[in-house]
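In the text below, chain A, chain B and the rest are named by the order of the sequence lines, each starting its count at 1.
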Amino acid sequence: MDKKKVIKHLETIAIYLELKGENPFKISAYRKAAQALERNDQSLDEIDDFSKLDGIGKGTNAVIVEFIEAGETETLNDLKEEVPEGLIPLLDLQGLGGKKLAKLYKELGVIDQVTLRKACENGDVEKLSGFGKKSVEKILQALDEIGKRPERLPLSDVLVLPQLIEEELEKIDDINRYSIAGSMRRLRETIKDLDYIIATTNPKQVADSLVHLSAVKEVVAHGETKVTVIVESKWDVSVDFRLVAPDEFYTTLHHFTGSKDHNVEMRRLAKQKGLKISEYGVEEEETGKIHTFDSEQAFFEFLEVPYLPPEVRETGEEVSVNHSPNLIELADIKGDLHMHTTWSDGAQSIEEMVKKNIEKGYQFIAITDHSKFLRVADGLDEVRLRQQREKIKEVQAKYPEITIFCGVEMDILPDGTLDFSDEFLKEMDFVIASIHSSFSQSEEKIMARMRTAMESPYVDMIAHPTGRLIGRREGYALDIDTFIDWAVETNTIIELNANPNRLDLHWTELRKAQEKGARIAINTDAHSYQMLDDMAIGVKAARKGWIERDTVINSWTPEQLQSFLKTKKGEA
DNA sequence: GCCGTTTTCGGCCCGACTGTTTTCAGTCG
């Protein structure tokens with residue numbers, strides 16, 4: 001029995017309660033109990049009394065205990081007898097919530113997609129009170145679209161859109177200011193739609209311009225406070241524009257940046273102070289006076305909450321952290337320690353990459369092409385790596401303003417050995433080890449491979465530790481907690497791979513890593529010029545994990561970094 | 001179902017929109 005199963009069980013109960021049309025507060029009580037477990041750092045065995053956690057009381061505690069002991073609970077078993085399983089996916093249909101579904105089930109015997117469609121088509125649904133012609137139309141349309149597009153899209157599939165949209169927003173005269181909001185602003189790794197907040201004194205004019213943006217494929221809503229359009233890229237993506245008066249801009253921006261849980265917490269806190277937060281401002285309940293703000297910082301200050309950047313506004317618990325975190329910023333980054341060149345599968349030469357990194361203002365980089373095992377990437381063997389070192393020396397002489405580390409991204413082989421001997425690795429300035437093969441091995445084997453790499457005094461860093469590709473590949477069976485412990489124990493750097501397809505390690509794990517004292521490097525793993533720009537996304541992902549500057553080794557000077565690298569080799 | 005240096009009962013975040021109504025419930029963000 002593990003914690004994840006218990007959390008899942010509580011959430012499942014909540015879903016069934018929703019379908020039963022239960023009291024919404026009871027439903028959210030189960031969700032809150034699940035969250036309470038999720039936020040708690042301890043493992044299941046370490047928690048001696050669940051009801052001591054905030055949000056878990058007598059009832060949910062009993063459910064948890066029963067589930068741990070029996071592997072099932074009477075609560076859920078009873079619910080399953082009352083509510084057919086086939087209704088659950090129907091909750092995802094736009095416009096159908098628990099109550100309406102409960103009604104469809106009780107009055108028309110709808111139990112799944114097929115019976116729902118039938119009931120719509122033979123006119124039964126239309127006759128039901130609370131439903132009408134339009135509801136039937138919408139349900140049928142939603143049924144047609146089910147499964148066409150994943151509900152949430154991987155970040156990297158959507159990332160091009162803001163650039164495209166903002167280029168044109170810049171040109172609309174009546175826009176006073178604008179900002180992206182929603183999960184994109186918080187850098188969630190999957191995105192459902194895009195939200196923009198626009199300040200204007202001429203909403204009608206702006207709305208008319210918005211529906212004519214070149215990327216627009218379809219206009220869904222065209223009002224004076226809200227415009228919704230569908231834009232076409234790899235997928236159809238819905239974009240909401242909220243038009244507000246300039247003085248409401250920052251409270252609206254905060255509101256639509258979310259997350260929902262964050263907003264709930266902020267409002268709860270405001271309420272204790274006799275204040276009411278809405279997207280239009282903060283109202284004093286007693287006098288009705290409404291406060292608006294010149295910045296989000298001012299908004300937080302007014303509520304006496306230390307400023308929280310958008311990336312960390314997730315669970316709501318951040319609201320009660322009573323200091324502003326000193327988070328890493330893009331400007332702190334002094335170098336990039338993972339990139340490829342034409343020597344293996346990169347697009348640019350060593351010199352080209354070096355020049356581009358100098359333009360970025362970096363003080364150091366590591367050239368880290370693939371090792372010989374990775375034939376598809378034209379990985380380098382010992383001979384070619386030595387040749388490359390000579391080449392790097394030449395380039396280094398030409399560009400003394402930047403320190404170039406001779407590195408390699410060495411494969412950890414399926415049999416658990418490394419692609420190079422210690423004797424050879426000794427020659428390298430910076431050695432990355434990573435797994436690119438045999439992803440389906442058991443956790444035991446994967447961990448053994450990691451252990452070998454981390455124990456080597458010459459392996460400085462593990463790249464993209466889990467191997468996941470967001471929305472496409474799960475990653476191999478890594479025991480992340482143990483991995484982090486080993487990283488601390490062996491002085492091995494953990495990478496945060498800034499590639500938006502990866503963002504690996506994940507932000508929740510990064511936070512744990514920092515708490516345990518691990519060192520993090522944010523790297524682009526660039527295979528071309530353009531990918532060097534992913535550093536900005538990497539830094540945001542780090543901030544999302546509350547990563548502070550001192551944890552990030554590429555915020556250090558080249559000298560600090562060099563001396564740190566020596567400690568692992570025992571040369572310090 | 002949870003919770004309480006205002007409360008052990010009566011709250012639980014707030015507002016807009018939609019489609020259904022004839023004043024509002026349900027859904028959504």
Looking at [N], I'd like to know if its phosphate oxygens (OP1 or OP2) sit under 4.0 Å from a side-chain N or O belonging to [X].
X        : N      : value
A:Thr257 : B:dG29 : no
A:Lys32  : B:dG1  : no
A:Ser135 : B:dT18 : no
A:Lys276 : B:dG15 : yes
A:Tyr280 : B:dA16 : yes
A:Thr60  : B:dC2  : yes
A:Lys100 : B:dG19 : no

With A:Met184 as reference, evaluate A:Leu161, A:Asp195, A:Leu159, A:Thr257 under the side chain to side chain contact (heavy atoms under 4.5 Å, CB included) test and give the passing residue.
-> A:Leu159
Checking A:Val229, A:Ile230, A:Val216 against A:Val239 for side chain to side chain contact (heavy atoms under 4.5 Å, CB included), the one that qualifies is A:Val229
With a 3.5 Å cut-off and just heavy-atom distances, do the side chain of A:Asn23 and the base of B:dG1 make a donor-acceptor pair?
-> yes
Between [M] and [N] - [atom1] atom distance, rounded Å:
N      : M      : atom1 : value
B:dG26 : B:dT20 : P     : 14 Å
B:dT27 : B:dC13 : C1'   : 16 Å
B:dT6  : B:dG11 : C1'   : 13 Å
B:dT7  : B:dC12 : C1'   : 13 Å
B:dG10 : B:dA16 : C1'   : 27 Å
B:dT5  : B:dG1  : C1'   : 24 Å
B:dC2  : B:dT8  : C1'   : 12 Å
B:dC14 : B:dC9  : P     : 24 Å

Donor-acceptor pair, A:Asn263 side chain versus A:Met266 backbone, under 3.5 Å?
-> no
Side-chain donor or acceptor of A:Thr551 paired with backbone N/O of A:Ile547 under 3.5 Å = no
With a 4.0 Å cut-off on heavy atoms, is [X] in touch with a base, just the backbone sugar-phosphate, or nothing at all?
X        : value
A:Lys99  : sugar-phosphate
A:Ser28  : nothing
A:Gly182 : nothing
A:Lys103 : nothing
A:Asp54  : sugar-phosphate
A:Leu10  : nothing
A:Ile27  : nothing
A:Lys226 : nothing

Just wondering, do A:Gln113 and A:Leu90 contact through their side chains at under 4.5 Å, heavy atoms?
-> yes
Separation of [X] atom [atom1] from [N] atom [atom2], in whole Å?
X        : N      : atom1 : atom2 : answer
A:Ile56  : B:dG1  : CD1   : C1'   : 12 Å
A:Leu128 : B:dT20 : CG    : C1'   : 12 Å
A:Phe256 : B:dC28 : CZ    : P     : 15 Å
A:Leu104 : B:dG26 : CG    : P     : 13 Å
A:Asp195 : B:dA16 : CG    : C1'   : 14 Å
A:Asp261 : B:dG29 : CG    : P     : 14 Å
A:Glu285 : B:dC14 : CD    : C1'   : 11 Å
A:Phe25  : B:dG1  : CZ    : C1'   : 11 Å

Which of residues 291-319 of chain A have a heavy atom under 4.0 Å from DNA chain B?
-> none
Base of B:dT7 relative to its sugar, syn (within 90° of 0) or anti?
-> syn
Would you kindly check if the NZ (Lys) or CZ (Arg) of A:Lys100 is within the cone defined by 45 degrees around the ring axis of A:Phe131 and under 6.0 Å from the six-membered ring centre?
-> yes
Using 30° and 60° as the class limits, which term best fits the ring planes of A:Phe300 and A:Tyr307: parallel, tilted or perpendicular?
-> perpendicular
Evaluate the ring planes of A:Phe293 and A:Phe299, with Trp represented by its six-membered ring, and classify them as parallel (under 30°), tilted (30 to 60°) or perpendicular (over 60°).
-> perpendicular
Tell me which of A:Lys134 and A:Arg268 sits closer to the 5' end of DNA chain B, going by the nucleotide each one is nearest to.
-> A:Arg268
5'-most contact on DNA chain B (nearest-nucleotide basis), A:Val264 vs A:Gln272, goes to A:Gln272
Criterion salt bridge (Lys or Arg N to Asp or Glu O under 4.0 Å) on A:Arg502 and A:Glu495, from CA distance to verdict = CA-CA 11 Å; A:Arg502 293 187 181 272; A:Glu495 180 176 71; over 6 Å; no
Measure from the side chain of A:Glu279, starting at C-beta and using heavy atoms only, and say which of B:dA16, B:dC13, B:dG19 lies closest.
-> B:dA16
Minimum-distance nucleotide (side-chain atoms of A:Lys271 versus B:dC12, B:dG1, B:dC13) | B:dC12
Taking atom CG of A:Asp533 as the centre, does the number of heavy atoms from other residues, nucleotides or ligands within less than 6.0 Å exceed 12?
-> yes
Carboxylate-amine/guanidinium contact A:Glu18 A:Arg31, below 4.0 Å | yes
Under a 3.5 Å cut-off for both distances, is B:dG4 Watson-Crick or wobble paired, and to whom?
-> B:dC9
